[in-house]
Novice: 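Just passing along the structure, written as structure tokens.
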2 protein chains.
Amino acid sequence: MSSREPTLADVAELAGVSLTTVSRVLNNRGYLSEKTKKNVADAIQTLGYRPNSLARALHGKRTQTVGLIVPAVSLPFFGELAVEVENALAEAGYRILICNSMGRADREREYLSLLVGNRVDGIISGAHNEGLDEYDTIRMPLVTIDRELSPSVPNVRCANEEAGAMATRALIEGGCSHPLLLTSRSGPRNLREAGYRAEVERAGLTPRIVTVPFDTPTPQRFAMVRNALDEARAASPVDGVFATDDLAAAEVLEWARTHSLSVPTDLSIIGFDGTETMRRALPHLATIRQPIAEIAQAAVSILLDQIEGKAPRSSSDEAGAAPAQTVEFPGMLIPGRSLAL
Amino acid sequence: MSSREPTLADVAELAGVSLTTVSRVLNNRGYLSEKTKKNVADAIQTLGYRPNSLARALHGKRTQTVGLIVPAVSLPFFGELAVEVENALAEAGYRILICNSMGRADREREYLSLLVGNRVDGIISGAHNEGLDEYDTIRMPLVTIDRELSPSVPNVRCANEEAGAMATRALIEGGCSHPLLLTSRSGPRNLREAGYRAEVERAGLTPRIVTVPFDTPTPQRFAMVRNALDEARAASPVDGVFATDDLAAAEVLEWARTHSLSVPTDLSIIGFDGTETMRRALPHLATIRQPIAEIAQAAVSILLDQIEGKAPRSSSDEAGAAPAQTVEFPGMLIPGRSLAL
DNA sequence: GTGAAAGCGCTAACAA
DNA sequence: TTGTTAGCGCTTTCAC
């Protein structure tokens, strides 16, 4: 009875017309008599027919699907990013295939393969694994979010350097003379760090940086943050912390509590991201809000331009075409009680 | 040059064999000479060939894809659920198509259609829209997570009633004589509420319930929570709150602060879910942890049994077969400073 | 061991 | 206004 999904042929038979005709009413193409239209529509209705998108896609048309690669949608930033990307895509009639790389290069590699195998129309990558040359092989529209993959791949992100400077400035203006940076990976590619450094030096202070890797498993995380901060404080005073994500900032809050440091009197804290979830969880935490919706929309719109051929992927920059864009959106300071004034 | 993805035919030509042969080495079926195998493998390598899964699926095989419908992966519970479902599925060689219904019935309906159109092999639904009779039309393996869809659809969930009782008991044992329930929708189908009621009555206390709809937009949320709690407190004293999710519990914490109620001296608070994100953000919040990984694994395993034919979906319960299971996993009390002892 | 040919469900010329 | 036919890329009998 409910053996298999009905096909075009089933509909055609029931309606007493040819396949083409059914296909035509489905795609609303060509001239059809009202009567035929209705017949077919009825048949579709009674059969509960749904076109097989695979077959359609096989024919060379688009799959209307875009792959999104992120570390994990369980992280508030990426969860919200995924939702916004999905919304932006939905408006254009595209769907999303979400891939959680879990910070593992092998999984990202696998997913890349899978996406190509599934013939998605394009890929948005927000994962952060290094050294994946597989991306060079990708012959399809590609956009990254906050990730420098190659000069030929467009990159959309928050204006990290200025945002980092903004956060640091907020600490300094609040009276901190020993502001510390807590981040996941220090180095020249960390633009939030660059902003921090610039601002600290401008104020004639000394940069101090402490790192706890992004993908540390939760059980060990808090211990690592605590140790790192303890060490830093043992070396010299700390009266402010800029954590490059809000979850890390939450750990700093907890650390302060265990040391009976009162916030912001003894210690000012500012985070980064400003996701809805974290705003709800810790409304008093000052932070820099990334404009997630804008970022998602921009990434989607660039990708769709490529997909729809307005901007043929300049993979090899033939004729020295314009280099791929880096689009930046400013972060926004959200004040909070965790910050002295 | 990088015109289109290479096809089986391209590989066959380069290797100087037939389509069949290539297909055989791909699927490792039948007898092949080592030499041929190697030739083909090389051709695949140099061409960077990836089988088109659409074409394969079209042939009647599985798509190896499962749809997951949730309100939004940006909510910590569903974000973590999605990740766990994806992990469980990955082990079995399946992938996941995530659909965020955003609490809207129309979007859920659309997504259902889309999933069927994409010929996913099965669906896991964790969304919460009422009155979607579309589900009756679905002729494919289906499992729900914490959602009573129909007696014939298996449902996996946390043992909500006991967990609700557990939370309430924690408040009462901590000395609360006026424990309030903050939930999103009150009614007989709310099992956490049922647990709360049972326990409150057992202690000879009066149940008091306050609701703020789940999908209230963030800007208005906090105001609604505040008003609801203010009203409740104006009517009679409140010395404990059981919030049926941790984000709501966070709002109660904030409400307590604005009223200078000290937690837990004046007010005990316990939440629900115990996601990693919320544990990191508010480590001192007592809560009931849902065993998300177990729930995800169970749902996946039941679904895969259906897909792989071990348990033919008993949509009409022919021969009065065993009714669809409801699988429950116990919640776990996580104590915290928000709770008096 | 390997190949030829039919067909999965659909679209798009090309006819009628 | 509608039907016929040839694929899309792959798997799978059935032959050789």
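Note on naming: letters A, B, ... go to the chains in the order of the sequence lines (proteins, then strands), and numbering restarts at 1 for each one.
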Novice: Classify the side-chain pair B/Tyr94/B/Thr63 by whether it contains a donor and acceptor separated by less than 3.5 Å.
Specialist: no
Novice: Would you classify B/Arg24 as touching base, sugar-phosphate or nothing, given that sugar-phosphate means primed atoms plus P, OP1 and OP2, and contacts are heavy atoms under 4.0 Å?
Specialist: base
Novice: Using only heavy-atom distances, determine whether the side chains of A/Thr7 and A/Tyr49 contain a donor-acceptor pair under 3.5 Å.
Specialist: no
Novice: Contact class for B/Ser23 vs. all strands (heavy atom < 4.0 Å): base, sugar-phosphate, or nothing?
Specialist: base
Novice: Side-chain N or O of B/Thr7 less than 4.0 angstrom from OP1 or OP2 on D/dG9?
Specialist: no
Novice: The side chain of A/Tyr31 lies closest to which of these nucleotides: C/dG9, D/dT1, D/dT12?
Specialist: D/dT1
Novice: Please tell me which of the listed nucleotides, C/dG3, C/dC10, D/dT12, lies nearest to the side chain of B/Arg29?
Specialist: D/dT12
Novice: Do B/Asn118 and A/Arg50 get their side chains close enough for a donor-acceptor pair, meaning under 3.5 Å?
Specialist: no
Novice: Phosphate oxygens OP1/OP2 of C/dG1: is one of them under 4.0 Å from a side-chain N or O of B/Thr21?
Specialist: no
Novice: Indicate yes or no: does B/Arg147 engage B/Glu108 in a salt bridge with an N to O separation below 4.0 Å.
Specialist: yes
Novice: Roughly, in whole Å, what's the span from CG in B/Asn39 to P in C/dG1?
Specialist: 16 Å
Novice: Could you check whether A/Leu8 gets within reach of a base, just the sugar-phosphate, or nothing at all, counting any heavy atom under 4.0 Å?
Specialist: base
Novice: Between A/Arg56 (CZ) and C/dC10 (P), how many Å, whole number?
Specialist: 8 Å
Novice: With respect to the phosphate group of D/dT1, does any side-chain polar atom (N or O) of A/Ser33 fall under 4.0 Å of OP1 or OP2?
Specialist: no
Novice: For the pair made of CG in B/Leu58 and P in D/dT12, what is the distance, rounded to whole Å?
Specialist: 13 Å
Novice: Look at the side-chain N and O atoms of A/Asn27 and state whether any lies under 4.0 Å from the OP1 or OP2 oxygen of C/dT11.
Specialist: yes
Novice: Side chains of A/Asn155 and A/Thr326: any donor to acceptor distance under 3.5 Å?
Specialist: no
Novice: Rounded to the nearest angstrom, tell me the gap between atom CG in A/Asn52 and atom P in C/dG7.
Specialist: 18 Å
Novice: Report the distance from atom CG of A/Asn118 to atom C1' of D/dG9, rounded to the nearest whole Å.
Specialist: 14 Å
Novice: Side chain of B/His59, base of C/dG7: donor and acceptor closer than 3.5 Å?
Specialist: yes
Novice: On DNA chain D, nearest-nucleotide positions of A/Lys37 versus B/Leu26: which is more 5'?
Specialist: A/Lys37
Novice: Nearest whole Å is fine: how far is D/dC10 C1' from A/Leu54 CG?
Specialist: 13 Å
Novice: What is the distance from CD of A/Glu34 to P of D/dT2, rounded to the nearest Å?
Specialist: 10 Å
Novice: Is the closest side-chain donor-acceptor distance between A/Ser23 and A/Thr20 under 3.5 Å?
Specialist: no
Novice: Hey, does B/Thr20 reach any base, or is it just sugar-phosphate, or nothing, if we go heavy atoms under 4.0 Å?
Specialist: base
Novice: Output the rounded distance in Å from CZ (A/Arg119) to C1' (C/dC10).
Specialist: 18 Å
Novice: Please state whether the phosphate of D/dC10, meaning OP1 or OP2, lies under 4.0 angstrom from any side-chain nitrogen or oxygen of B/Tyr49.
Specialist: yes
